[in-house]
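Heads up, the thing below is written out as structure tokens.
We count ligands from 1, going down the list as the structure has it; atoms in each ligand are counted the same way. Position 1 is the first residue of the sequence, and the numbers go up from there.
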Amino acid sequence: MPQNSAFGETIIELNEIDSTNNYAMRLINEGMAEHGLTIRADFQTHGKGQHGNVWVAEESKNLLCSVILDTKAFEIETQFLLNCMCCVSVTEILMQLYNLPNVSIKWPNDIYAGKKKIAGILIENSIRGSKWTNAVLGIGLNVNQTTFSYLNNATSMKNELRKDQKIINILRQLLKKIGSNFDRFQLNPSSFLIDYNNYLLSIQEEIQFMKKYEMKSGILKRVNEQGFIEIEENKKLRKYKHKEIELLLE
Ligand code: BTN
């Protein structure tokens, strides 16, 4: 069973890399990966976001990291719960250690401060045969960058707290949090779904969303274990998977 103490023990720090997630995957494929091993870079030339998007971040101003987890003890069906664990860990660091107000999780795996995105998470899995061997938690947290010319709904810790932050300290605290949360994950993975829903942006509120080219609305009830969002539309509960709809925030 992987040990919590492994977290944060080894951090590979790089000036520049294509993507910390790619680097982590290469280590896994070469048999060099260890549970808790973390890669952090100042700059990524091909930073990856969700849905094949790029993740662009100014050099040395943000936390760009990938944490390797040993997932052999789990069924691949629990992968959304691992996503919940990661989202909850980032949210709690920002709320509890940095006192950032209005932090929430936007389904499925964005972290928001108010109505703006402050962090994104990209989890990639390594599967051998039918075995889920490793997960790579790729985390991009906007720290000291203050302008986001190409994105109008992004923010950073500096924009919210009006103060520069030490990136390595944030990483150390985050790894501590992920380490202890992973211990809890081994005992009770579903408990993170409860926390995830507690931190969910717009829960129990009327929301608008796009389904194909149709604009719809309903009450966001919750997200379930499989990662489907449940929305009450005209008194009927409907479930949507990721990419089937796009949430619109005012
Ligand atoms: C998103 O689209 O919101 C997910 C962004 C994830 C970005 C991080 S930065 C560190 C890690 N390496 C990558 O190439 N992507 C993730």
Check: Lys117 N/O within less than 3.5 Å of ligand 1 N/O: yes
Closest approach of any protein heavy atom to atom 2 (O) of ligand 1, naming residue and atom: Gln50 N, 2.7 Å
Atoms of ligand 1, numbered as shown, that sit under 4.0 Å from any heavy atom of Gly47: 14 (O)
Close-contact set for ligand 1 against Gly49 heavy atoms, below 4.0 Å: 1 (C), 2 (O), 4 (C), 5 (C)
Residue part near ligand 1, for Gln44, under 4.0 Å between non-hydrogen atoms: side chain
Donor-acceptor under 3.5 Å (Asn83 side chain, Met85 main chain): no
Which residue and heavy atom of the protein sit nearest atom 5 (C) of ligand 1, plus the separation: Trp55 CE3, 3.3 Å
Proximity of Ala57 to ligand 1 by residue part, where a heavy atom lies under 4.0 Å: neither
Side-chain ion pair, Glu233 and Lys216, N-O less than 4.0 Å: yes
Proximity to ligand 1 by part of Asp110, non-hydrogen separation under 4.0 Å: side chain
Asn53 touching ligand 1 at heavy-atom level, < 4.0 angstrom: no
For ligand 1, the portion of Asn22 having any non-hydrogen atom under 4.0 Å away: neither
Modelled atom types, side-chain donor and acceptor of Thr45 and Glu16, under 3.5 Å: no
Short side-chain donor-acceptor distance under 3.5 Å, Gln208 and Ser217: no
Side-chain donor or acceptor of Trp107 paired with backbone N/O of Gly227 under 3.5 Å: yes
Cys65: numbered ligand 1 atoms lying under 4.0 Å from its heavy atoms: 10 (C), 11 (C)
Protein contact of atom 11 (C) of ligand 1 - nearest heavy atom, named by residue and atom, plus distance: Thr20 OG1, 3.3 Å
Closest approach of any protein heavy atom to atom 6 (C) of ligand 1, naming residue and atom: Lys48 O, 3.5 Å
Side chains of Gln173 and Tyr98, donor plus acceptor under 3.5 Å: yes
Ring centre gap for Phe80 and Phe192 strictly below 6.0 Å: no
Donor-acceptor side-chain pairing of Tyr112 and Asn102 below 3.5 angstrom: no
Phe182 and His35 aromatic centres sub-6.0 Å: yes
